[in-house]
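Keep in mind that this is a model prediction, so the values were computed, not measured. Atoms considered below: every heavy atom in the structure, side chains included; atoms not considered: hydrogens, waters and symmetry mates. Every number for a ligand or one of its atoms is a count from 1 in the order of the listing.
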Amino acid sequence: MDKLIIQGGHVLQGEVRISGAKNAALPILAGSLLATAPVKITNMPHLRDITTMMELTGGMGVRFVLDDQMGVEVYAEDIQRFEAPYDLVKTMRASILVLGPLLTRFGSARVSFPGGCAIGARPVDLHLKGMEKLGAKITIDNGYIHAKAPNGLRGADISFDTVTVTGTENLIMAATLAKGVTTLHHAAREPEVVDLANYLNTLGAKISGAGTDTIVITGVKELGGGQYSVMPDRIEAGTFLAAAAITRGKIKLKQVAPTTMLQIIHKLTEAGAEIQMDDNTISLDMKGKRPKAIRLSTAPYPGFPTDMQAQMIALNTVADGVGHVVETVFENRFLHVQEMQRMGAQIVLEGNTAIVTGKERLTGAPVMATDLRASASLVLAGLVAEGETVIERIYHIDRGYEVIEEKLSQLGAKIYRDHS
Ligand code: UD1
């Protein structure tokens with residue numbers, strides 16, 4: 001199994017291009033199940049999760065033509081199967097995103113129940129309740145969700161108990177072809193939700209209010225085709241900024257969307273980084289200084305993203321002072337902490353708070369990646385650790401970071417992949 005091997009202690013310096021956003025590309029690909037004419041999607045990241053979504057929708061009858069410019073043509077005119085099998089769903093929870101499009105276009109969907117997951121229970125009850133409000137009949141047997149709406153879905157007023165990103169996306173997609181108007185209250189405001197809504201509107205949907213907590217969808221008869229470019233990945237961008245900050249370096253990100261990551265920029269500034277940005281670049285300079293410890297609490301957008309929590313804990317492990325990081329979105333999302341402790345980090349967990357006392361240095365160690373963002377945080381820790389860090393189970397990182405070792409090497413890191 002692949003491993004990443006890092007020789008720590010090298011300052012990151014240079015420029016890096018940020019890829020398209022995984023969490024926007026996944027719902028956009030699922031949303032392509034609604035398109036009755038060809039679609040061209042550009043700025044698609046090359047990631048394991050994207051391949052999984054293509055395999056999943058490909059199994060239903062969607063055809064893809066890839067170009068060499070991170071573009072993909074999607075042909076979804078002829079869908080014959082409405083099923084998401086366990087084998088694929090178990091590797092990627094976001095597979096649940098096919099439920100809304102299949103149900104609303106074909107009146108039928110069979111999706112394997114996503115199982116437990118390393119970062120907490122992560123149920124899909126709110127997706128299902130919302131579909132029922134739109135008139136779907138849902139049954140669960142043999143580990144599969146069966147959803148039926150033979151006469152189509154009907155618009156409804158739906159209020160989420162908890163802010164859910166993929167839940168909001170699934171119901172937006174279901175509502176695009178429902179008869180009448182659907183209003184989603186307490187909806188997720190994440191930029192990826194806005195990207196999906198813009199994409200669907202390009203295909204002919206009528207969605208307004210995305211980016212606020214009230215989204216209104218007026219059902220249309222069908223969606224056509226079109227062309228769309230996926231937004232930049234704010235979490236990949238944030239991870240590279242944190243990597244530069246942790247090594248006291250200087251970095252410029254290209255093809256980013258700074259306005260989607262203001263909380264991350266704000267916290268890195270508190271850590272002592274000098275940051276400049278324009279429409280699509282961000283430059284960070286630590287001026288060779290040690291980062292300062294930061295306090296933060298994760299929250300749905302526009303709060304601090306939970307997907308950057310682990311990376312900020314890594315930053316705090318070598319910062320000056322004591323940092324507090326509170327995780328409010330997911331239970332049990334501190335699996336990286338014990339791995340960092342193996343590298344000498346001083347972290348105490350109290351409920352959903354990690355109290356991190358910064359040290360001058362970490363020491364390299366063999367560690368294990370447990371989930372996607374935890375893996376990224378271990379890479380950051382490895383970049384500042386004295387000696388060698390070997391990260392096992394690196395397949396997690398390939399789900400969400402495009403050629404991370406190549407991008408980091410270009411910035412001066414000593415990191416390579418061992419295929420043995
Ligand atoms: C998405 C992102 C993920 C990110 C997360 C929070 C994608 C593909 N994944 O995941 O990277 O970490 O948002 O920003 O976009 N919940 C319920 N019932 C539900 C749905 C959710 O109780 O039916 C709870 C979850 O357990 C969790 C909270 O709501 O505690 C937020 O989860 P949610 O926003 O749904 O996360 P995902 O959409 O799975």
Are any of the heavy atoms in [X] under 4.0 Å away from ligand 1?
| X | answer |
| --- | --- |
| Arg333 | yes |
| Pro123 | yes |
| Glu192 | no |
| Ile235 | no |

Is there at least one pair of N or O atoms, one from [X] and one from ligand 1, spaced under 3.5 Å apart?
| X | result |
| --- | --- |
| Ala94 | no |
| Asp307 | yes |
| Asp125 | yes |
| Gly167 | no |
| Asn23 | yes |
| Phe330 | no |

Can a side-chain donor-acceptor contact be found between [Y] and [X] if the only test is distance below 3.5 angstrom?
| X | Y | value |
| --- | --- | --- |
| Glu327 | Thr298 | yes |
| Thr202 | Gln227 | no |
| Glu77 | Tyr75 | no |

Can you name the atoms of ligand 1, numbered from 1 with element, that are less than 4.0 Å from a heavy atom of [X]?
| X | answer |
| --- | --- |
| Val124 | 19 (C), 23 (O) |
| Thr306 | 6 (C), 12 (O), 14 (O) |
| Leu126 | 17 (C), 18 (N), 19 (C), 23 (O) |
| His127 | 23 (O) |

Atom pair [atom1]/[atom2] of [X] and [Y] - distance to nearest 0.5 Å:
| X | Y | atom1 | atom2 | result |
| --- | --- | --- | --- | --- |
| Phe82 | Phe106 | CZ | CZ | 5.0 Å |
| Lys3 | Tyr395 | NZ | OH | 13.5 Å |
| Lys137 | Leu103 | NZ | CG | 11.0 Å |

- Item | Residues forming a side chain to side chain donor-acceptor pair (under 3.5 Å) with His185, sequence neighbours excluded |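 For His185 the side chain to side chain donor-acceptor pair (under 3.5 Å) partners, ignoring immediate neighbours, are Asp157.
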- Task: Ignoring hydrogens, just give me the one of Leu196, Thr162, Leu372, Asp49 whose non-hydrogen atom is nearest atom 29 (O) of ligand 1.
- Result: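 Ranked by closest heavy atom to atom 29 (O) of ligand 1, first place is Thr162.
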- Query: Hey, is Arg417 close enough to Glu405 for a salt bridge, meaning N to O under 4.0 Å?
  - Reply: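 A salt bridge is present here (some side-chain N lies under 4.0 Å from a carboxylate O).
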- Considering only NZ, NE, NH1 and NH2 on the basic side and carboxylate oxygens on the acidic side, decide whether Lys267 and Glu270 come within less than 4.0 Å.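 Here Lys267 pairs with Glu270 in a salt bridge, since their nearest N and O are under 4.0 Å apart.
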- Query: What part of Thr164, side chain from CB on, backbone N/CA/C/O, both or neither, has a heavy atom under 4.0 Å from ligand 1?
  - Reply: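 Contact part for Thr164 vs ligand 1: both backbone and side chain.
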- ligand 1 versus Thr166: contacting region, heavy-atom distance under 4.0 Å: both
List the atom pairs, with distances to 0.1 Å, where a side-chain N or O of residues 310-317 and a protein N or O form a donor-acceptor pair under 3.5 Å, not counting sequence neighbours.
from: Gln311; atom 1: NE2; to: Thr239; atom 2: OG1; distance (Å): 3.1
from: Gln311; atom 1: NE2; to: Asp307; atom 2: O; distance (Å): 3.0
from: Gln311; atom 1: NE2; to: Tyr401; atom 2: OH; distance (Å): 3.4
from: Asn316; atom 1: OD1; to: Ile294; atom 2: N; distance (Å): 2.9
from: Asn316; atom 1: ND2; to: Ile294; atom 2: O; distance (Å): 3.0
from: Thr317; atom 1: OG1; to: Ala314; atom 2: O; distance (Å): 2.6

- In terms of heavy-atom contacts, Leu33 and Pro101 come closest through CB-CB, 3.9 Å
